[in-house]
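Here's the structure, in C-alpha cells; my notes come after.
Chain letters run A, B, ... following the sequence lines, proteins first and then strands; every chain starts at 1.
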Amino acid sequence: MAHPHRSETPQRYEKEETQLKDRLAFIDRYPNAARVTRLSLGVSFTALTIGAVLGIVQALHRTNVFRGLISSGDYYSVLTGHGVLLALFFTIFFLTGIFTWGTSRSLGRELPSPRFSLAWFLLMLSGAVMTSVAIFGGLVGQIPFSADVLYTFYAPLQAHPLFYAGLAAWLVGTWLAGADWIRTYYHWRQDNPDERIPLQMFMIMTTMLMWYIATLGVAVEVLVFLLPLSLGLIESVDPLLTRTLFWFFGHPVVYFWLMPAYFAWYTILPKLSGGRLFSDPLARVVFILFLLLSTPVGFHHQYADPGVPEGFKFIAMTNTMFLLLPSFLTAFTVVASMEYGARQRGGSGYLGWLKALPWGNPAFAGCALAGMMFAAGGFSGIINAGMNINSLIHNTLWVPGHFHLTVGTASALTMMAISYWLYPQITGKRLQFYGVAQIQPYVWFIGMGLMSNAMHRAGLAGVPRRTAEPQYTQFDFAPVLGSMSEMRLQIAIGGTLLTLGALMFVFVMAGTWMAERGRGRLRVDSHLPEPISGATDSPRVLDNVKLWFVIAVVLVAIAYGFPIYSMVADGVFNPASAPFPV
Amino acid sequence: MHVHRFERLWLVGALTLIVLFIGTVTYGAVGAGYGMVDDTGGEVDPTNTTESENFRSPGVYNGSESDHYDVYIEAKQFLFVPGTSDPVRVPANSTVTFHVTSTDVMHGFEVVGTNINTMAVPGQVATVTVEFDEPDEYGLVCNEYCGNGHHDMEGSLEVVPPAQFNESGVN
C-alpha cells in the first residue's frame with residue numbers, strides 16, 4: 001500500500017468534481033434509490049419526532065418536575081414507545097435509507113427492481129405501524145390494545161399480538177432490504193469480476209451479514225414463543241430462554257445502530273473535514289471484527305441472571321473487551337482523517353489544527369461532537385462490560401446514561417448530521433434554515449452532557465432505570481457525587497434541550513422537504529475522495545465475506561451452543577411461566 | 001499491507017489496555033473471590049417455589065455454619081417477601097446467602113448502595129453470598145420493569161447488632 005502523497009491531492013479533487021456526473025445530484029442519477037432513501041428517511045424522522053416528544057414527557061415525569069400529563073401507570077406505555085420508536089424505527093429506517101444510497105453510490109448503479117425495493121419498504125412500514133398502534137393503544141382506555149412491555153419485551157409480560165406481529169413483519173422487511181442491496185452487488189460483480197468491493201458496499205454487506213445472524217434469536221423468540229403465547233396457542237414459556245434469545249439479538253442490534261454512524265465517519269466525515277480517509281484496509285478490518293464479535297457477547301446483558309453458568313459470562317466478557325478494538329481503531333482513523341483534512345485546510349500545530357475544522361458546517365459538527373461523546377460512552381461501556389464491577393450499576397440509571405451517549409448521540413446525532421448533507425442530494429433541494437441546522441448539534445451536545453452525566457452519577461447511587469417514580473418511602477439514596485436534586489434538575493433540563501434539538505432537526509428537514517427544487521446549485525455532492533491508503537494492495541482475503549461469515553457463525557455456536565442447549569434440554573417450555581398481559 | 005507507524009502503536013496500546021481490563025476482571029473473580037450469580041441456584045416451579053429442594057418458604061434461616069444465614073426471598077408484583085411489609089433482618093458480622101426468585105414476571109433485586117444486584121427470574125433461583133460487617137439499614141428496590149406498579153416495589157434490609165438478633169428472627 002502506498003504512502004500518502006500529500007502534494008497531488010487538492011488538484012485531483014477539483015478535476016474529479018468538475019466531471020459532469022459528479023455535478024448531477026444523486027436524485028438525478030439514481031431516481032429509484034433516491035426515492036427509497038427519501039421514503040426511509042421520512043419514516044425515520046417521523047419516528048424521531050414522536051420518540052423525542054415522549055422523551056421530554058419521561059424526563060419531566062421521572063424527575064417529578066411535571067407529572068400532570070400522564071399517570072405513573074401510563075409512563076410505561078410512553079417508555080415503550082420511546083424505546084421502540086427511537087431504538088428500532090428511527091435508527092433502522094435511517095439505516096435502510098443510507099444503505100440504499102450507499103449501495104447505489106458506491107456501485108454506481110440503480111437497485112435492480114423499484115417494485116421489490118418498494119415492497120420491503122412497505123412491509124417494514126406496515127410492521128412499524130402495527131407495533132406502534134399496539135403500544136399507543138395502551139394510552140387510550142377505550143382501545144383494547146396495549147403493549148406496555150418496554151423495548152425488551154421480556155416474557156412472561158405479554159403484549160397484544162399486534163405488537164409481535166408488527167415486529168415480525170418489520171424484521172422480515174429488513175431481511176429483504178439486505179437481500180436487495182446484496183443482489184445489487186452481485187449484479188455489479190458480474191460486470192466487474194476483478195475489482196475490490198467498494199468500501200461502502202463492503203460495510204453494508206458485513207453489517208447485513210451480522211444482522212442475519214443476530215436476528216435469528218429474536219425471530220425465534222417472537223415467532224416460536226411470544227406471538228403464539230399472545231394468541232393463546234401455547235400456555236407458557238421459559239422466561240430465561242426467551243430473555244436469552246432476546247439478548248442474542250439485543251447486543252448486535254447495538255452495532256446495527258452504530259454501523260450507519262461508522263459508515264458515515266469512515267466514508268463521509270473525511271470529506272466534510274476537507275480531507276480523505278486515512279486507511280481503507282483498516283476500515284475493512286474494523287467491519288470484519290464487528291461481524292465476528294457483535295453477536296457472541298449477548299450474555300454481558302445477563303451478568304446478573306441466574307441460570308447462566310459463570311464460564312459463559314466470562315466468554316462474553318472477553319469477547320466484549322475485544323470488541324473495544326475496532327472502536328479504538330475507528331477513533332484513530334477518524335481523528336487522523338480529520339487532522340489530515342484540517343491540515344489541508346491550512347491548520348497547524350499539535351492541537352491548533354482543530355481550529356481549522358469546519359465547526360460551522362452542521363454535518364461536520366454533528367459527526368465530530370457525536371464521535372467525542374461516543375468516546376465517553378465507550379468508557380462507561382467498559383464499566384458495564386466488567387463482569388464484577390457491573391453489579392454496582394446493573395439496571396441502574398447509569399445504563400441509560402451510557403446508551404444515550406452511544407445510540408442516543410453517537411448514532412442519533414451522526415444520523416441527524418449526515419442528513420443535513422444527504423437529504424439535499426436525494427431531493428435536489430438546498431438545505432433550508434441553515435442557521436437552525438448550525439446550532440442544532442451543539443444544543444444536542446449540551447443537552448446530552450447535562451442529562452447523561454447526571455444519569456451516570458444517579459446510577460452509582462443505585463437509582464433504578466425504567467421507573468416512573470424513583471422516589472421511595474423506605475429509604476433514601478446516598479449519592480457519591482453531587483446531590484439528588486441537582487441530578488434531577490440536570491436530567492430535566494438536559495432532556496428538554498434534547499427534545500428541542502430533535503425538533504430543530506425535524507424543522508430543518510420539514511422545511512427542506514417542502515422547499516422548491518432548483519433554487520441555485522446544491523451546496524453538496526456525493527463525490528467521495530479516495531482514501532490516502534487505498535484498498536488495492538491490501539490482502540484480498542479481507543473481501544472474502546463468506547469466510548468471515550462462517551467464522552462468525554462458529555463463534556456464536558461456541559458462545560451460545562451449550563447455554564441454549566441446557567435451557568432447552570429440560571423441555572422448551574420449562575420451567576413454565578404463564579403470561580401476564582400488560 | 002501498510003499500517004502507519006502511529007496506527008501500529010495505537011493498536012498495540014489498545015490491545016494492552018484490553019488485556020489489562022480482562023486481567024482486572026479475572027483478578028476480581030479469582031483473586032478477590034467475587035462470585036457471579038450463576039446456575040448453581042437451580043430451578044423451581046414459579047407457581048410452587050417450595051416444591052423442589054432449591055427453595056424454602058420465604059424468610060431467614062440458620063446456615064450451614066454458626067455465623068452463616070440463608071435468606072429466601074420471593075419477588076412478586078409489586079413486593080418482596082420478606083422485605084416490603086417486614087424488613088429483612090440479619091445480624092452484623094455474618095455471612096448471608098440470598099436466594100431470590102420470582103413467582104410471576106421478571107424482577108430485579110437490588111440492595112441500594114451495594115453490589116448486591118441480581119435478576120429475579122421466574123423458574124430460576126439466584127444466589128448471592130455477601131458479608132455484613134457493621135449494623136446498617138439498606139433499601140431494597142426492584143430495578144427491572146415488572147408492570148404498572150413497578151415504581152412502588154421497594155423494601156428494606158436491617159443489619160442489626162448480633163445481640164439484638166434473636167433466634168425469633170429466624171424461621
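Among B:G147, B:G41, B:G139, the residue making the largest number of heavy-atom pairs under 4.5 Å with chain A is B:G139. Across B:D104, B:N148, B:V141, B:T84, the residue that shares the most heavy-atom pairs under 4.5 angstrom with chain A is B:D104. Of the listed residues A:F475, A:F328, A:F278, A:F332, the one with more heavy-atom pairs under 4.5 angstrom with chain B than any other is A:F332. For the set A:V582, A:V149, A:V308, the count of heavy-atom pairs under 4.5 angstrom toward chain B peaks at A:V308. Your options are B:P46, B:S156, B:G155, B:C146, and the one with the most heavy-atom pairs under 4.5 Å with chain A is B:G155. Of the listed residues (B:I116, B:T47, B:T40, B:T26), the one with the most heavy-atom contacts under 4.5 Å to chain A is B:T26. Highest contact tally toward chain B, considering only A:K313, A:H394, A:M317, is held by A:H394 [criterion: heavy-atom pairs under 4.5 Å]. Counting heavy-atom pairs closer than 4.5 Å to chain B, the top residue among A:D238, A:L324, A:T473 is A:T473. Interface summary for chain B: among A:Y75, A:F477, A:Y472, the most heavy-atom pairs under 4.5 angstrom belong to A:Y472. In terms of heavy-atom pairs under 4.5 Å with chain A, the best-connected choice from B:T127, B:D152, B:N115 is B:N115. Chain A forms the most heavy-atom pairs under 4.5 Å with one residue out of B:E110, B:M153, B:E144, and that residue is B:E144. By number of non-hydrogen pairs under 4.5 angstrom with chain B, the leading residue of A:E469, A:R465, A:Q471 is A:E469.
Crowding of B:R8 atom CZ: a count of heavy atoms from other residues, nucleotides or ligands under 6.0 Å exceeding 12.
The only option from A:D148, A:T152, A:L79, A:T467 that meets the side-chain contact (heavy atoms from CB on, under 4.5 Å) definition with B:Y145 turns out to be A:D148.
Neither the backbone nor the side chain of A:V237 has a heavy atom closer than 4.5 Å to any heavy atom of chain B. A:F312 does not touch chain B: none of its heavy atoms, backbone or side chain, sits under 4.5 Å away. In this structure, chain B has a heavy atom under 4.5 Å from the side chain of A:L542, while its backbone stays farther away. For a residue to count as touching a neighbouring chain, one of its non-hydrogen atoms must lie under 4.5 Å from one of that chain's; by this rule A:A385 does not touch chain B. With a 4.5 angstrom heavy-atom cutoff, B:V128 does not touch chain A via any of its atoms. In this structure, chain A has heavy atoms under 4.5 Å from both the backbone and the side chain of B:F6. Using a 4.5 Å cut-off between heavy atoms, B:E154 contacts chain A through both its backbone and its side chain. For B:E137, no part lies near chain A; criterion is any non-hydrogen pair under 4.5 Å. Both the backbone and the side chain of A:A468 come within contact range of chain B, with heavy atoms under 4.5 Å apart. Only the backbone of B:L140 comes within contact range of chain A, with at least one heavy atom under 4.5 Å from a heavy atom of that chain. Of the atoms belonging to A:A336, not a single heavy atom falls under 4.5 Å from chain B. Heavy atoms closer than 4.5 Å to chain B are found nowhere in A:I389, neither backbone nor side chain.
The distance from atom CD1 of A:I383 to atom CZ of B:F21, rounded to the nearest 0.5 Å, is 7.5 Å. Rounding to the nearest 0.5 Å places CG of B:L157 at 11.0 Å from CD of A:Q474. To the nearest 0.5 angstrom, B:D45 atom CG is 9.0 Å from A:N574 atom CG. Remark: B:E43 CD to A:D570 CG distance equals 4.5 Å, nearest 0.5 Å. Rounding to the nearest 0.5 Å gives a distance of 8.0 Å between CG of A:L392 and OG1 of B:T114. One finds the CE atom of B:M106 at 6.5 Å from the CG atom of A:L240 (value rounded to the nearest 0.5 Å).
Closest approach of A:P464 and B:C142 over heavy atoms only: CB-O, 4.4 Å.
With contacts defined as side-chain heavy-atom distances shorter than 4.5 Å, the pair A:D305/B:V37 does not qualify. Contact of the A:F322 side chain with the B:I18 side chain is registered, since non-hydrogen atoms from C-beta on lie closer than 4.5 Å. Using a 4.5 Å cut-off on side-chain heavy atoms (C-beta onward), A:P306 and B:V125 make no contact. Between A:L325 and B:L11, some side-chain heavy-atom pair lies under the 4.5 Å cut-off.
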One pair to check against side-chain hydrogen bond (donor to acceptor under 3.5 Å, both in side chains): B:H151 and A:Y76. What are the steps and the verdict? CA-CA 10 Å; B:H151 44 272; A:Y76 303 103; 2.8 Å; yes
Check the pair B:E7, A:T333 against side-chain hydrogen bond (donor to acceptor under 3.5 Å, both in side chains), reporting the backbone distance first and the verdict last. CA-CA 8 Å; B:E7 195 153 27; A:T333 307; 3.3 Å; yes
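With B:N143 contributing its side chain and A:T396 its backbone, the two residues share no donor-acceptor pair below 3.5 Å.
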